[in-house]
Amino acid sequence: MDMDPDGGVAEDALARLREICLALPDAYEEAAWVGRRWRVRDKTFAHVVTVVDGRPPAFAKVIGHDGPATVVTFRSAGEELQALCRAGHPFFRAGWGRDVVGMYLDDATDWGEVAELMTESFCVMAPTRLRDRVDRPAE
């Protein structure tokens with residue numbers, strides 16, 4: 001399997017996340033302290049990393065094992081945040097930031113759901129002017 005040099009993320013998962021996240025207005029991608037992240041202005045709305053052999057330790061601790069596991073963390077708010085935190089696998093509470101949730105990415109991942117979650121995460125972090133440019137289902 002081809003791996004991303006910035007954190008061991010499988011190229012297919014990275015490519016799917018890249019397509020989803022970079023479709024959002026003014027979003028950009030960069031190397032994070034580990035893995036890759038997508039930002040709007042100076043705020044991270046998505047971060048993907050693969051945990052292998054207990055590294056990175058912050059992620060291994062929060063998922064409760066040494067991997068291998070590819071996870072994406074993102075922002076959520078309100079009822080959706082509460083529901084995701086209670087849902088169980090593939091979701092987990094990240095343990096940092098009051099609104100950060102994580103999701104395992106694997107062969108069973110629903111990429112339509114990932115697109116919705118990344119869009120909502122972007123909207124949590126983006127200024128109103130950019131949020132207003134995003135097509136979202138009515139609340």
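Residue Arg131 comes nearest to Ala126 through the heavy atom pair NH1-O, 2.7 Å, listed as atom of the first residue, atom of the second, then distance. What you find for Thr44 and Arg75 is that their closest heavy atoms are O-NE, 3.8 Å. In terms of heavy atoms, Arg93 sits closest to Val62 at O-CG2, 3.2 Å. The heavy-atom pair separating Tyr28 from Arg41 by the smallest distance is OH-O, 2.5 Å. Nearest heavy-atom pair, Asp66 versus Ala60, reported as atom, atom and distance to 0.1 Å: OD1-CB, 4.4 Å. Closest approach of Phe74 to Gly102, counting heavy atoms only: CE2-C, 4.2 Å.
Between Phe122 and Val134, the closest side-chain pair of non-hydrogen atoms falls below 4.5 Å. Using a 4.5 Å heavy-atom threshold, the side chains of Met103 and Val114 count as touching. Counting heavy atoms from C-beta on, the side chains of Cys85 and Phe91 never come closer than 4.5 Å.
With hydrogens and angles disregarded, a donor-acceptor distance shorter than 3.5 Å links the side chain of Ser76 to the backbone of Leu81. Although no hydrogens or angles enter the test, the distance criterion places a donor-acceptor pair under 3.5 Å between the side chain of Thr119 and the main chain of Ala115. Proximity of a side-chain donor or acceptor of Arg36 to a complementary backbone N or O of Val48 within less than 3.5 Å is not detected. At least one donor-acceptor pair closer than 3.5 Å links the side chain of Asp106 to the backbone N or O of Ala108.
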Phe92 vs Val101, side-chain contact (heavy atoms from CB on, under 4.5 Å): CA-CA, chis, key distance, verdict = CA-CA 6 Å; Phe92 59 91; Val101 180; over 6 Å; no
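With respect to Val49, the side chain to side chain contact (heavy atoms under 4.5 Å, CB included) criterion is satisfied by exactly one of Val34, Thr70, Val72: Val34.
Counted within 6.0 Å of CG on Asp132, heavy atoms from surrounding residues, nucleotides or ligands total more than 12; the atom is thus considered enclosed. For CD of Glu79, the number of neighbouring non-hydrogen atoms (other residues, nucleotides, ligands) closer than 6.0 Å is 12 at most.
If you look at Phe59 and His47, their ring centroids are closer than 6.0 Å.
For the pair Glu29 and Arg37, the salt-bridge criterion is not met [side-chain N within less than 4.0 Å of a carboxylate O].
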